[in-house]
Amino acid sequence: QVQLVESGGGLVQAGDSLRLSCVASGRPFSNYAMGWFRQAPGKEREFVSGINSVGSYTSYSDSVKGRFTISRDNAKSTLYLQMNGTKLEDTAVYYCAARPYPNSSQREHRYDYWGQGTQVTVSS
């Protein structure tokens, strides 16, 4: 069992930066590939970014590529999402997720553990 707790969300203006964190506990963090997903009001949850268990491979959705950066610190059992150049359409609840495999996935059903989410609101 892995527990995930996100933090760092808030209200920012378009173009500002924000860094989300996700702290894991319960099992060795380095055993898990991780992902960030988000859900905007009235929309389905969507993949944002993924990272493999050792942090050597990352992937991004087209909508955030070049603006967001995913990273992890296995010594601190923490996952990060650096959000630069935020846009109105980035407004959503952001979730981190873990799967007990080396590689991440863009499909949410492949993740076993989820955090409670952190709200990000981008204003004009």
Side-chain angles (χ1 to χ4, degrees):
Q1 191 82 5
V2 173
Q3 292 78 42
L4 304 172
V5 179
E6 303 98 333
S7 62
L11 174 63
V12 296
Q13 289 192 323
D16 286 351
S17 296
L18 199 64
R19 189 175 81 158
L20 305 184
S21 299
C22 171
V23 177
S25 61
R27 290 289 177 91
F29 185 60
S30 57
N31 289 353
Y32 295 82
M34 301 295 295
W36 284 103
F37 291 77
R38 68 185 181 186
Q39 187 167 22
K43 296 187 177 181
E44 294 186 351
R45 190 157 54 186
E46 65 174 1
F47 171 79
V48 174
S49 183
I51 189 167
N52 66 352
S53 60
V54 297
S56 60
Y57 180 80
T58 60
S59 60
Y60 300 91
S61 66
D62 288 343
S63 61
V64 307
K65 195 173 297 181
R67 299 188 298 121
F68 291 8
T69 302
I70 190 171
S71 63
R72 65 189 296 161
D73 185 336
N74 284 352
K76 296 182 178 179
S77 299
T78 304
L79 174 74
Y80 303 100
L81 184 69
Q82 179 67 42
M83 305 170 61
N84 296 333
T86 53
K87 302 178 180 180
L88 297 179
E89 52 264 40
D90 294 326
T91 295
V93 177
Y94 284 72
Y95 300 90
C96 66
R99 62 190 304 264
Y101 297 98
N103 298 320
S104 64
S105 172
Q106 296 189 12
R107 301 186 182 278
E108 62 175 284
H109 72 271
R110 292 183 175 173
Y111 289 83
D112 294 339
Y113 305 102
W114 292 82
Q116 83 289 348
T118 186
Q119 176 71 47
V120 172
T121 302
V122 182
S123 65
S124 59

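All residue numbers refer to positions in the sequence shown, counting from 1. All of these numbers come straight from a predicted model, not from anything done at the bench.
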### Query
For Arg72 and Phe29, what are the C-alpha separation, side-chain angles and deciding distance, and is it a side chain to side chain contact (heavy atoms under 4.5 Å, CB included)?
CA-CA 10 Å; Arg72 65 189 296 161; Phe29 185 60; 3.4 Å; yes
### Task
Could you go through the salt bridge (Lys or Arg N to Asp or Glu O under 4.0 Å) check for Asp62 and Lys65 one step at a time?
CA-CA 5 Å; Asp62 288 343; Lys65 195 173 297 181; 3.4 Å; yes
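With hydrogens and angles ignored, the 3.5 Å screen pairs no side-chain donor or acceptor of Asn74 with any backbone N or O of Ser77. Between the Glu6 side chain and the Cys96 main chain, a donor and an acceptor come within less than 3.5 Å of each other. Distance alone, capped at 3.5 Å, is enough to place a donor-acceptor pair between the Arg99 side chain and the Asn103 backbone. For Gln116 (side chain) and Val5 (main-chain N/O), no donor-acceptor pair under 3.5 Å exists by modelled atom type. For Ser104 (side chain) and Ala33 (main-chain N/O), no donor-acceptor pair under 3.5 Å exists by modelled atom type.
Note: the hydrophobic cluster containing Phe47 also contains Trp114 (ILVMFWY, side chain heavy atoms under 4.5 Å, direct or indirect links). Under a hydrophobic-cluster definition in which Ile, Leu, Val, Met, Phe, Trp and Tyr are linked whenever side-chain heavy atoms come within less than 4.5 Å, directly or via other members, Leu18 and Val23 are assigned to different clusters. The same ILVMFWY cluster, assembled from side-chain heavy atoms under 4.5 Å apart, contains both Met83 and Val122.
Between Met34 and the options Asn52, Leu4, Thr78, a side chain to side chain contact (heavy atoms under 4.5 Å, CB included) holds for only Leu4. A ring-ring contact (aromatic ring centres under 6.0 Å, His included) with Phe37 is found for exactly one of Tyr95, Tyr94, Tyr111, namely Tyr111.
Within the 4.5 Å cutoff, the side chain of Tyr32 has heavy atoms near those of the Pro100 side chain. Between Tyr113 and Arg27 there is no side-chain heavy-atom pair separated by less than 4.5 Å.
Looking at every heavy atom in both residues, Gln13 comes nearest to Thr86 through O-OG1, 3.4 Å. Summarising the geometry of Val2 relative to Ala24, their closest heavy-atom pair is CG1-CB, 4.2 Å, with the distance given to 0.1 Å. Listed here is the closest heavy atom pair of Leu79 and Gly35: CD2-O, 4.1 Å. Heavy-atom minimum distance, Leu88 versus Ser123: CD2-C, 3.5 Å. Between Val12 and Ser17, the shortest heavy-atom distance links the atoms CG1-O, 4.3 Å. Residues Arg38 and Ser63 share a closest heavy-atom pair of NH2-OG, 3.4 Å.
Taking the six-membered ring where the residue is Trp, the centroids of Trp36 and Phe68 are separated by 6.0 Å or more.
For the atom pair Gln119 CD and Thr91 OG1, the distance stands at 7.5 Å (nearest 0.5 Å).
Residue Tyr60 places its OH atom among more than 12 non-hydrogen atoms of other residues, nucleotides or ligands, all under 6.0 Å distant. The number of heavy-atom neighbours closer than 6.0 Å to CZ of Arg67, taken from other residues, nucleotides and ligands shown, is above 12.
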